[in-house]
Structure formats: C-alpha cells, structure tokens
Asks: 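After the structure tokens below, expect a handful of questions from me.
This one's a predicted model, so the numbers in the text were calculated from it and none came from an experiment. No hydrogens, no waters, no symmetry mates; every other heavy atom, side chains included, goes into these values. Residue numbers start at 1 and run along the sequence shown.
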Amino acid sequence: MRTWSYIDHVALDDLRMVERPDPNPGPHDVVLRMRAVALNYRDAAIASGHYHIGVAAPLIPVSDGCGEVVAVGSAVSRFKVGDLACPTYLPDWIDGPISARTAMRRLGGPSDGVLADLVMLKEDEAVRAPAHLSPEEAATLPVAAVTAWHSLHVLGRLRPGEVLLVQGAGGVSSAAVLIGKASGAQVIVATRGARHAEALVALGAHAVIDSEAADWPVALLRATGGRGADVIVDVAGGASLNRSLQALQPGGLLHQVGYAADTHADIDIYEAIRRAVTIRVATAGHRTSFEEVVRTFELHRLHPPIAQILPADDFVGGLAALKAGGHLGKVVLTF
C-alpha cells in the first residue's frame, strides 16, 4: 500500500510516497481503505514547524478522513466489511472530560495520520459515517464538525432562539453554522468582506456581516435589534478577541477554537468583567460527540460544504489552497 510520510524531518521537502506492507488486522482491529481525507490548519502548522505540540519523523500526516471497511478482526462488533467509517482524531478520548492521557495521541501528529491507502485502527477508534454523506463529505467531520459540536453542546449548551455569531467560513465555521441552525439558534456569520454571503445564508445563516469593518460588533447589534450575541465561535484569535467580547451580551459565552489571525491576544479584562463573559477554549471533542454529530447530520440531512477536491498525491497543493484562505468549507483530497 501507499503512504505519504515525512521520513527524516517534518517538512514538506521531506514528504515522500512510501510503499508499505498491507496491514493484517488483529482481533479488535478494522482496516479502512481510505476514500478521502480533509485538511486542517493544524496540518499546515505541523508541516511548517509552527505547531504547539512537538512532532517527529517518521510521520504520516493528516488528521481527518473517511474510508471503507475492507477487513475486520475476529472480535470486531462495531463495524462490518463495506461500512464507511471515520477514524477519530483523538483515539483515546471516548467520553468525559479531556485529560493528559486522552489528549496524548492525535492523528496526523504526534501519531501517524490517515494519508495512506489503508489505515488500521482499533474498532473503538472509529465512528460510522453518516449514511447520506459521500466519503468526501464525511471526511470533513472528525476535527471541524466535532470541534463545533463539542463547543456548542458539551462545553456550552446552545439553546433554541439564542444568537450565535460564527467567525469565518472554513471547516469549523461552516460546521458551526449547520449545527447552530439545526439547534434552533439565530446564526449570524462575520466574514471578510461578507464573502460567501449567499452560500452561507443557504447553509443556515440568518445574516452575514463584514468582519473587516472596525465596528462589526455594532453591525451585529443592529442585526439583532440591540441584543448582541449569546454565543460566539471565534476562529481568529489575536486582536479579534476583544471585538468578539464587545459583541457578546452580558453573560455571554465565547468559544475560542482557532488562531487564524494570531496565537496571542491581549484581553481587555475590564470589558470581560463588565459583560461577565465566559471564555472556553476547544480542543476537538470525544467519540461520543462525534456519534452525536453523525445522528444530527442524518436527522437534519446536513451536508458540509467542500471548497476544493484534489488528488491524494497533491498534499502540497492542498495545503497551499488551505493557506490561501477565503474558502467556504474544507479542502479535500481523494484516493
């Protein structure tokens, strides 16, 4: 089988296609023939040496994927040959609060990822893909959709009728729009230049505002009749964090789920105290959250948007498309 791996050091100039023996499953193992993988900003950060967790070669990259079950061990009960399944990003986190132990293994770095023809894993480390989704669509879920769900429904409790502000239009953001709409929230999206406005409204947004405007929190107040946001999903970090605080109504909740703008932010403590806000930082989610994502997507017939599809051997091109930004949904590679 083919795998793509960093061999001597983690950098794009050391990424190679390597032939390896096909895996032979043990009693509790399943083997997936990968059909599609989806890229995250962490893949780009790892490749450029700017990720916050230490990684080392040899390493197979990419965290997200969907494959067809082609072999199962003798004791496997959760899957059968022919099923479509997605590996979980944090294989040891089944449920409950995250811990040092359950956060240790992460697909795509520091543990081997899914950019390979065949991936073998324990049956507890995968989730059935939504029945109505293509492999390309299902491949977008393990990090982005699970992070959005876990933030909105585990770390917080998004209620019907609440105002949810979502920054951006990438993977986590578009998943948050879908989940927010399905949860009965009034979803407003803040994007640069209000791009993708028509598509975001079709996805479930009630309104789209321009996040490049210095007074976008004022625009949000206008769009909500002076109410502001109950919940914000902030994917930018950096200087945008204080403007997100200004957009929250008193007692509001801010989910920090990314750092597209910057990894450091100076928080206006006075503003945070005056509004009595809560800030929560997400780190994906557990398998139980993923299973809830699957049920929600099936119940509401949700389809995650895909920005671009490239062949699996164009990982470099996929990262370039990802880093260029401005897209709606995920960049996907297919086998």
Side-chain angles (χ1 to χ4, degrees), residues 2-7 9-18 32 34-67 86-91 103 105-117 119 121 135-148 168-175 235-237 257-261 263 282-285 304-335:
R2 298 174 303 167
T3 66
W4 286 264
S5 178
Y6 302 115
I7 304 301
H9 60 280
V10 178
L12 288 180
D13 62 5
D14 193 49
L15 185 72
R16 302 284 185 271
M17 193 276 282
V18 180
L32 304 182
M34 300 308 296
R35 299 278 298 278
V37 302
L39 302 182
N40 293 287
Y41 282 105
R42 74 182 305 267
D43 300 314
I46 288 170
S48 61
H50 295 142
Y51 195 55
H52 62 280
I53 294 174
V55 297
L59 176 69
I60 298 172
V62 185
S63 308
D64 279 357
C66 179
C86 299
T88 54
Y89 164 55
L90 292 160
R105 282 203 300 151
R106 296 170 183 257
L107 299 191
S111 304
D112 275 341
V114 295
L115 192 58
D117 286 335
V119 171
L121 61 160
E136 292 78 11
E137 292 172 317
T140 71
L141 301 180
V143 171
V146 174
T147 298
V172 172
S173 302
S174 57
V235 302
V257 300
Y259 46 84
T263 57
T283 179
I306 295 175
Q308 189 172 357
I309 297 178
L310 298 168
D313 59 3
D314 195 10
F315 178 60
V316 174
L319 287 187
L322 184 72
K323 290 189 287 186
H327 49 273
L328 173 63
K330 301 280 283 184
V331 175
V332 173
L333 310 179
T334 58
F335 291 81

Asks: Does V143 offer a backbone N or O that forms a donor-acceptor pair with the side chain of D64 under 3.5 Å?
Replies: yes
Asks: Within the distance-only criterion (no hydrogens, no angle test), does the side chain of S48 pair as donor or acceptor with the backbone N or O of A44 below 3.5 angstrom?
Replies: yes
Asks: Check whether any side-chain N or O of D14 sits under 3.5 Å from a backbone N or O of I7 as a donor-acceptor pair, and report yes or no.
Replies: yes
Asks: Under 3.5 Å, is there a donor-acceptor pair between the side chain of N40 and the main chain of D43?
Replies: no
Asks: Run the numbers on Y89 and R42 for side-chain hydrogen bond (donor to acceptor under 3.5 Å, both in side chains), then give the verdict.
Replies: CA-CA 12 Å; Y89 164 55; R42 74 182 305 267; 3.1 Å; yes
Asks: Looking only at atom types and distance, does a side-chain atom of K330 sit under 3.5 Å from a main-chain N or O of L39, one as donor and one as acceptor?
Replies: yes
Asks: For the CG atom of L319 and the CG atom of L310, what is their distance to the nearest 0.5 Å?
Replies: 10.5 Å
Asks: Without swapping roles, check the side chain of T3 against the backbone of V18 for a donor-acceptor pair under 3.5 Å.
Replies: yes
Asks: Decide salt bridge (Lys or Arg N to Asp or Glu O under 4.0 Å) for R2 and D313; before the verdict, give the C-alpha distance in whole Å, the side-chain angles of both, and the deciding distance to 0.1 Å.
Replies: CA-CA 10 Å; R2 298 174 303 167; D313 59 3; 5.5 Å; no
Asks: Does a donor on one side chain and an acceptor on the other come within less than 3.5 Å for Y51 and R106?
Replies: no
Asks: Which value, rounded to the nearest 0.5 Å, describes the distance between L333 atom CG and F315 atom CZ?
Replies: 7.5 Å
Asks: Starting from the C-alpha separation in whole Å, work towards a yes-or-no answer on side-chain hydrogen bond (donor to acceptor under 3.5 Å, both in side chains) for R35 and T334.
Replies: CA-CA 6 Å; R35 299 278 298 278; T334 58; over 6 Å; no
